[in-house]
Amino acid sequence: MEIYCSARHKNFQHPSSISYNIGMKNQTPLYKNIQDNHLKEQEFVLFKQEYALYNEMLSELKVEFQKAKKEVDDADRSKKMSQCIVNHSRLVLSKDRMCRRENIERHGYETNMRISEWKYKKKHTAQHNLKSNHQPAKSNITEQSDKIEQPDEELQEFTHLHPDMEQYQSCLPKQDAKDDTGKSDLRNATKSDDKNDTGRSDLRNATKDDLRNATASKQATPKQKLPRITYNPDGFRPHGQMRDLFKSHKNIKIAGGTYDAGKTFSCVAYIDQLARNYPGARLTFVHRSLKRVYKNIVPTYEKYLGFRPRSRADPNPTPITRYGGEHPDFFQYWNGSRIYMNGLDKPQNLLSDFFDAAFVNQAELVSFDTWDELTARVSERAGTLPIAFLIGDCNPSTPNHWIRQQTKAGKLAYFEMTFRDNPEIYDQQTGELTEKGKRRVQRLQNLEGLRYKRGYEGKWVSGEGLVFDTFLPEVHVIDNFTISTKWARYISIDWGFRNPSCCIWWARSPDDRIYAYKEIYKTKLTKPDFIRMIKANCDASDRIQYAAVDSADQDAVEQLQRAGFRVRQPKKSRSTQIDVIKERLKVDATGAPAIFFLRDRLVHPPDEDLKDTYRPLEVTDEFMSCTYDENMRGTNRDDEAIKGDNHGIDSTAYFILSLQNRQSIGSGRVVHGTVQLG
C-alpha cells in the first residue's frame with residue numbers, strides 16, 4: 001500500500017510527492033530527493049536531527065503496518081491498518097504545518113511558491129526540448145497559459161516617483177558607520193549572485209541605489225527580479241509642510257490639517273521610502289480598526305505604487321508581494337523589508353512586537369494611552385533603522401486633544417497641511433485649482449458647522465458627537481472678577497478616587513445666572529482628605545448655603561454633614577442631568593447664557609496624573625470631550641449613553657437640579673475658612 005506525503009520544508013522542498021511503499025524494499029530516500037533538486041546540503045545538515053526523528057517515526061509506522069498485515073482476523077487487521085494510515089496522515093499534516101510556518105518566519109516564502117517555480121521551470125524546459133527537436137506546441141491553450149505565466153516585465157520598473165524624490169531619500173538618517181551587517185549581507189548576496197547569470201544581468205540593468213538595496217537582501221529569490229526605479233516629471237513628491245516631514249529626523253511626527261490634503265497618501269509614501277532604503281526593515285500600517293487598514297490604507301498604498309502587489313505564490317510575482325490573500329498580513333519588498341497590517345482592536349500582534357517605523361492613520365481617534373504604548377513598540381530595538389519613526393496623520397479634533405498638548409510640550413513634531421498641498425486639487429505650478437480640485441473643494445465648502453471648521457478651515461474646535469456641542473469657551477469661560485458678597489454661594493460635589501474627585505464653588509446672581517468660581521479636580525483623594533481640602537478652601541465670603549452631592553455614597557454624605565455642611569441630594573437621571581445643563585448653556589435674548597465658568601478656578605496645581613495621560617484637568621475640558629456612544633442605535637437609552645470623563649459635569653448637574661427641587665436641607669452650619677493653594 002502506498003502513502004504519499006508532501007515534504008514542505010525549506011530543506012525538504014520537492015514539488016512531486018514522496019512515495020513511501022510501506023513493507024516494500026524500494027522506499028525512496030528523502031536525502032536523494034534533496035540532491036536531485038540541487039538544494040544546499042548545508043541547510044539539510046541544520047535539520048539533520050529533525051529529519052532523523054521524522055524518519056524514525058516513519059519506521060515505527062512501517063513496523064506497526066507490518067504487524068497489522070499479519071493479523072489473522074480480517075476485521076481487526078483492517079482496523080489496525082486503517083489506524084496506521086491515519087497516524088501517518090497526521091504526522092504528515094503536522095510536519096506540513098510546521099514546515100510552512102518555518103518557511104515564512106525564517107526565509108520569507110511559502111512552499112507553494114517554490115512548487116510553482118519548479119513547475120514553471122519544468123514546463124519551459126520541456127518546451128525548450130520540443131523546440132530543439134523541431135516539434136510544434138501541443139495546443140493553443142498551452143500557448144495562452146505560457147503567455148500568462150511569463151514574468152511581467154512592466155511591473156519590474158517603478159516610474160511613479162518624481163526626480164525630486166532623490167533629494168528626500170538622501171535626507172533619510174544614515175546608518176551607523178560601525179554597522180558591518182550590511183557588508184556581510186553584501187558578501188553573502190554577491191556569492192549567491194555569482195551562481196545566477198540571470199541575477200547578474202538584472203543587476204547590471206539596475207541603478208546604483210537598487211544594486212545596493214538588492215544585494216543587501218538575504219531573501220531575494222531567482223524568481224523575484226530586481227526592480228528598476230526610474231523617475232518621471234508627473235511622479236509623486238511631497239508638497240507643503242509634508243516636505244519638512246520627509247526631511248525631519250524627529251522620531252515622532254504627525255501630519256494634520258484640512259480634509260483632502262493628501263496626508264494619508266504622503267505618509268504611505270514615507271513608509272515606502274523607508275522600506276526601499278533600509279533592507280530588512282520591519283514597518284507597519286496601523287488604524288484603530290483592522291478593517292479600516294484594509295479599507296483606508298491598503299487602497300491608498302496600491303494607488304501610490306501604481307499596481308496591486310501579487311501573491312508570492314503567483315507565477316508572475318511583483319517586486320513587492322503580498323502575504324495573506326485579499327487581507328494581507330504583510331507586504332514584502334525585494335530587499336526583505338516588510339510592512340505589516342495591524343489594528344488596535346486586535347492589539348496582540350502589534351503590542352507583542354517591535355517595529356522600525358509605524359504609520360498610524362487617523363491618529364486623533366487613538367487614545368493617548370495607546371499612542372504612548374506604540375512609542376514603546378516602535379523603537380531602535382527592532383534593529384534596522386538608525387532612528388525609529390512613529391508617524392501619523394490626523395484631522396482636527398477637540399481643542400484640548402492630546403495631539404495638541406503633545407505638540408505644545410514639544411514631544412512630537414506637528415506639520416499642518418491644507419488641500420492646497422494636494423497636487424490633485426491644486427496645481428503647484430499655476431497656483432490654480434485643477435478641474436477635479438474645483439469639485440472637491442466645492443464639497444468641502446458645502447460642509448456645515450463644525451465639519452466646515454475642521455474640514456475646510458482646519459481648525460481644532462469642539463467636534464461632532466459632543467454631548468454639549470453648544471458649549472463655547474469664548475462665551476461660557478470668562479475672566480475672573482470680584483463676586484459680590486451678596487450673591488448666594490453653594491458647592492457641588494462628585495466623589496472619586498482613581499477618577500477625579502470634583503468640587504465646584506458656585507455663586508448665583510439676582511438674575512439667576514450661576515458662576516463657577518473655584519474648583520477642585522483631583523485624583524487619589526480619600527473622602528476625609530477631600531472634605532478637609534474643601535473646608536480649607538472656603539474663605540469668609542463663602543457662606544455656603546448647602547452642598548449638592550451625589551447620593552450614591554451615603555457614607556460620604558454623612559462625613560460631609562459631620563464636617564458642618566448642609567446637604568441636598570437631587571434625584572439622579574442621566575438624561576435629565578444633560579437637559580438641565582444644556583438649558584443653562586443656551587444664550588438668551590440678552591446674548592448671555594445662564595452659566596459661566598471663571599477662567600482661573602482651580603485652587604491647586606493641575607493634577608499631574610491627569611496631565612500625563614491627557615485627560616481633562618477641569619470641568620470645562622469635559623464639556624469639550626464628552627461624546628455620545630456611537631454604538632447606541634435606536635434605543636431609549638441613546639440620550640444617556642455617553643463616553644468620556646464627566647465627573648465635573650455630574651457635579652454641575654447636581655447643583656442645577658438642586659435649584660429646581662425645593663426640599664429640606666437638614667441640619668448643619670455655615671463653614672468659613674481661608675483659601676489655600678494645594
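As the structure is a prediction and not an experimental result, all values here were calculated from the model.
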| task | Find out whether E424 and R440 are in side-chain contact, i.e. whether some heavy atom of one side chain is under 4.5 Å from a heavy atom of the other. | result | yes
| said: Checking Y333 against D272: is there a side-chain donor and acceptor pair closer than 3.5 Å? | reply: yes
| message | For L602, is there any backbone N or O sitting under 3.5 Å from a side-chain donor or acceptor partner on E519? | response | no
| request: Go through L525 and F497 one step at a time and tell me if the side-chain contact (heavy atoms from CB on, under 4.5 Å) criterion holds. | output: CA-CA 5 Å; L525 287 176; F497 183 77; 5.5 Å; no
| note | dist D494:CG -> N646:CG (nearest 0.5 Å) comes out at 8.0 Å
| field | W460 vs C394 side-chain heavy atoms within contact, under 4.5 Å | value | yes
| request: Taking the side chain as every heavy atom from C-beta outward, state whether T620 and R601 have any pair of such atoms under 4.5 Å apart. | output: yes
| With a 4.5 Å heavy-atom cut-off, do E618 and C502 have their side chains touching? | no
| Point-to-point distance, once rounded to the nearest 0.5 Å, from CZ of F355 to OG1 of T284 | 4.5 Å
| field | Check: G262 main-chain N/O paired with S266 side-chain donor or acceptor under 3.5 Å | value | yes
| message | Using the rule given for side-chain contact (heavy atoms from CB on, under 4.5 Å), can you reason through L617 versus K611, listing the C-alpha separation, both sets of side-chain angles and the distance that settles it, and then say yes or no? | response | CA-CA 7 Å; L617 301 177; K611 189 175 180 180; 4.1 Å; yes
| message | Closer than 3.5 angstrom, by distance alone: can the side chain of T523 be matched with the main-chain N or O of N499 as a donor-acceptor pair? | response | no
| query | Taking atom CD of Q428 and atom CG of N422, what is their separation to the nearest 0.5 Å? | reply | 8.5 Å
| Charged N to carboxylate O below 4.0 Å: is that the case for D650 and R574? | yes
| Among D356, D353, T384, which one satisfies side-chain hydrogen bond (donor to acceptor under 3.5 Å, both in side chains) with R282? | D353
| request: Report the C-alpha separation of N395 and Y259 in whole Å, then their side-chain angles, then the decisive distance to 0.1 Å, and conclude whether the side-chain contact (heavy atoms from CB on, under 4.5 Å) test is met. | output: CA-CA 7 Å; N395 294 318; Y259 301 166; 3.6 Å; yes
| Do H647 and E622 get their side chains close enough for a donor-acceptor pair, meaning under 3.5 Å? | no
| field | Interatomic spacing from OH in Y294 to OG in S289 - rounded to 0.5 Å | value | 10.5 Å
| Would you find more than 12 non-hydrogen atoms of other residues, nucleotides or ligands less than 6.0 Å from Q429 atom CD? | no
| message | Using the rule given for side-chain contact (heavy atoms from CB on, under 4.5 Å), can you reason through N296 versus T264, listing the C-alpha separation, both sets of side-chain angles and the distance that settles it, and then say yes or no? | response | CA-CA 9 Å; N296 289 11; T264 302; 6.0 Å; no
| So, does S170 use its side chain to make a donor-acceptor pair with the main chain of Q167 at under 3.5 Å? | yes
| request: Quick one: pull up OG1 in T370 and CH2 in W402 and give me the separation to the nearest 0.5 Å. | output: 9.5 Å
| query | Can you tell me if D369 and S367 form a side-chain donor-acceptor pair at under 3.5 Å? | reply | no
| Hey, does the Lys NZ or Arg CZ of R322 hover above the aromatic six-ring of F330, less than 6.0 Å from the centre and inside 45° of the axis? | no
| Taking NZ, NE, NH1 and NH2 as the nitrogens, is one of them in E326 or R308 under 4.0 Å from a carboxylate oxygen of the other? | yes
| remark: Shortest non-hydrogen pair, L274 vs A357, comes out as CD1-CB, 3.6 Å
| Heavy-atom neighbours of K524 NZ exceed 12 at 6.0 Å | no
| said: Counting C-beta onward and ignoring hydrogens, is there a side-chain heavy-atom pair between K408 and Q405 closer than 4.5 Å? | reply: no
| task | Find the distance between NZ (K263) and CE (M242) and round it off to the nearest 0.5 Å. | result | 8.5 Å
| query | Do V293 and N361 have side-chain heavy atoms sitting under 4.5 Å apart? | reply | no
| remark: Shortest non-hydrogen pair, D393 vs E364, comes out as O-OE1, 4.1 Å
| Knowing that exactly one of Y304, Y340, Y301 qualifies, which makes a ring pair (Phe, Tyr, Trp, His ring centres under 6.0 Å) with F331? | Y301
| query | How about Y168 and Y270: are their ring centroids closer than 6.0 Å? | reply | no
| Side chains of L390 and W371: does their closest heavy-atom pair fall under 4.5 Å? | yes
| field | Ring centre gap for F158 and F307 strictly below 6.0 Å | value | yes
| request: Please report the closest heavy-atom contact between P500 and R615, naming both atoms and the distance. | output: CD-NH2, 3.8 Å
| Does CZ belonging to R599 count more than 12 external heavy atoms closer than 6.0 Å? | yes
| remark: Tightest non-hydrogen contact, residues P317 and S311, listed as CB-O, 4.0 Å
| query | Side-chain contact, heavy-atom cut-off 4.5 Å: P386 with Y278? | reply | yes
